[in-house]
Amino acid sequence: MAHLPDKEYTEQLRKRLRDFAAEQDMELPTPDTRSAFWSYRLEDHPTVDVQAGEQLQSMHIAAAYTEAQNSIVDDTLRYLEGTPGGKALGELHLWDANVQKALKLDRDTGTALAYDAWGALSQRYAATTETEALFFMAELNPGTVAYQTESRQLRQDGKLDVINFMYPPPMEKYADLAPETQELLASQAVRAQVHTFGYDENNPKYTPLTKAGHLDLEQLKSLPTPEAQRAAVLEVCARVAAMDGPARAADVEKYVEEIKVLRPDHEVALPSAPDLTWAAEAREKPQPMASTHGVYLPGVEVNAKVAAQPSKPLEAAPQAVAGMHFLPGVTVKPVPATTAPALTEPAPTQAPPAPERAHGTGLAE
């Protein structure tokens, strides 16, 4: 393809990488195998000594937890980079600056192609998830594949109830809300649909789903009653459910009916026709967003075999979250934080993490 004009060359390379991702084995090892998902990093854990300049990547924790569980019973859990397809794509070293240079790509274009290939594989990974999806993140960030592709794929397949967050929710964000609202925002179902991050419609990572799932916390805090706050949260859930398509039509109806009871004079705003059209087209031809996936990096040590622990939903009220503890059988070692290298230097083996922070006191069992 080297003789092709730059734009056509890049598009052909993107297509070949996506075709390669589509050919990889992403099937579940057993019908009962659970799936781990991750995003960004964990900070402020009381039993992990993270020094200045070090980072604790969620990727490492997801991998270590998977290995600890599988050391007890084979194929109990999987994580993307450890699947046959993830290993095959990792062997292409798409994040490596030297590989990108050899492919005659500048840093931005090469990174975009790596994002796209890993995003395509992530979509298939989510589509084959059945029993439980363990999300190693505190909340969904709209600029990540976890929100735009993986959780969306699970929801539109009617699997909202298999999503389980392994980090406590960011309760400090909800401090000024009614206790009932805090408890609602800490529930698994709401965490799997809404986000509280600001966004820019001119950002290339923006999609109509970004807008549909946005919960404005300042606006929510201004509402005078717990009932009004609950209605506002459910309205965001209704918008997301509408974007998810036919599998969630009953959820849309359920949310709207409850909102009408809570706020009889309020007009529920669901997604516009153009936004619903985008969602329908995306279900037919998924367009993965930036992926933070890559090859498993060192920085964790599995040091014990412990009994497998079933995941427990974080449905408890906020005050119960503080008692949660870290992963059994896993010692986590922070790794030095790195900055994006110049094109001529070796690249990191995973995409540079975005600045989302997963504050919390521990993980769910």
Side-chain angles (χ1 to χ4, degrees), residues 26-39 58-59 61-63 65-66 68-70 73 75-83 85-86 119 121-141 144-169 184-195 209 213 233-234 236-238 240-252 254-255 279 282-283 286 288 291 293 308-316 324 327 358 363-365:
M26 297 304 295
E27 295 305 312
L28 288 173
T30 77
D32 295 327
T33 301
R34 300 176 293 160
S35 300
F37 298 80
W38 61 269
S39 184
S58 291
M59 176 183 175
I61 298 175
Y65 188 68
T66 298
Q69 295 295 297
N70 290 344
V73 179
D75 297 327
T76 297
L77 189 62
R78 64 175 184 165
Y79 68 104
L80 178 63
E81 289 77 11
T83 63
L121 196 70
S122 296
Q123 187 272 332
R124 295 186 56 228
Y125 177 76
T128 58
T129 295
E130 293 292 340
T131 57
E132 188 175 23
L134 307 183
F135 273 57
F136 286 80
M137 57 200 75
E139 56 184 327
L140 292 171
N141 184 308
T144 64
V145 70
Y147 186 76
Q148 296 287 350
T149 300
E150 292 168 339
S151 61
R152 184 180 73 181
Q153 182 68 46
L154 290 166
R155 293 193 312 266
Q156 69 188 29
D157 288 345
K159 300 173 185 175
L160 173 66
D161 60 345
V162 309
I163 298 176
N164 179 34
F165 286 82
M166 298 295 282
Y167 299 167
L184 177 63
L185 292 174
S187 69
Q188 299 294 327
V190 171
R191 295 174 74 187
Q193 298 180 80
V194 310
H195 73 85
L209 179 61
V233 174
L234 295 183
V236 178
C237 293
V240 171
M243 297 287 280
D244 289 339
R248 303 204 58 210
D251 289 341
V252 177
K254 178 185 68 176
Y255 290 137
R283 288 193 295 274
S291 173
H293 291 290
Q309 298 292 327
S311 297
K312 298 178 182 178
L314 278 176
E315 301 289 349
M324 315 204 77
L327 300 172
L363 303 180
E365 292 184 295

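- Under the 3.5 Å distance criterion, the side-chain polar atoms of Tyr147 are matched with a main-chain donor or acceptor of Gln193.
- Rounded to the nearest 0.5 angstrom, Met59 CE and Trp38 CH2 are separated by 5.5 Å.
- The shortest side-chain heavy-atom distance between Ile163 and Arg191 does not fall under the 4.5 Å cut-off.
- Once rounded to the nearest 0.5 Å, the distance linking CG of Asp75 with OG1 of Thr66 reads 11.5 Å.
- How far CG of Leu209 is from OG of Ser151: 7.5 Å, rounded to the nearest 0.5 Å.
- Between the side chain of Arg155 and the main chain of Met243, no donor-acceptor pair closer than 3.5 Å is present.
- Nearest approach of Phe37 to Ala133, heavy atoms of both residues: CE1-CB, 3.5 Å.
- Residues Val240 and Arg152 have side chains not in contact (no heavy-atom distance under 4.5 Å, counting atoms from C-beta outward).
- Heavy atoms only, all atoms of each residue included: Val252 and Ala242 are closest at CG2-N, 3.4 Å.
- Ala241 approaches Tyr255 most closely through the heavy-atom pair CB-CE1, 4.3 Å.
- Minimum heavy-atom separation, Ala192 to Leu160: CB-CD1, 3.7 Å.
- Separating the CD atom in Glu132 from the CG atom in Asn164 is a distance of 5.0 Å, to the nearest 0.5 Å.
- Atom SG of Cys237 sits about 7.5 Å away from atom CZ of Arg248, to the nearest 0.5 Å.
- A centroid separation of 6.0 Å or more is found between the aromatic rings of Tyr79 and Tyr65.
- Taken to the nearest 0.5 Å, the CG atom of Leu77 stands 7.5 Å off from the OG atom of Ser35.
- By the 4.5 Å heavy-atom criterion applied to side chains, Pro169 and Leu185 are not counted as neighbours.
- For the side-chain hydrogen bond (donor to acceptor under 3.5 Å, both in side chains) with Arg78, the lone residue among Thr128, Thr33, Thr83 that qualifies is Thr128.
- In this structure, Ser39 and Glu150 have side chains that are not in contact, with every pair of non-hydrogen atoms separated by 4.5 Å or more.
- Smallest separation of non-hydrogen atoms from Pro246 and Arg283: CD-NH2, 3.9 Å.
- With sequence neighbours left out, the salt bridge (charged side-chain N to carboxylate O under 4.0 Å, His left out) criterion links Glu130 to Lys159.
- Here the side chains of Ile61 and Tyr167 are in contact, with some heavy-atom distance below 4.5 Å.
- Between Phe165 and Phe135, the ring planes are tilted. Angles from 30° to 60° get that label.
- Taking each heavy atom of Ala127 and Asp157 in turn, the nearest pair found is CA-OD2, 4.0 Å.
- Between the side chain of Asp32 and the main chain of Thr76, no donor-acceptor pair closer than 3.5 Å is present.
- Within the 4.5 Å cutoff, no side-chain heavy atoms of Thr131 are placed close to those of Val162.
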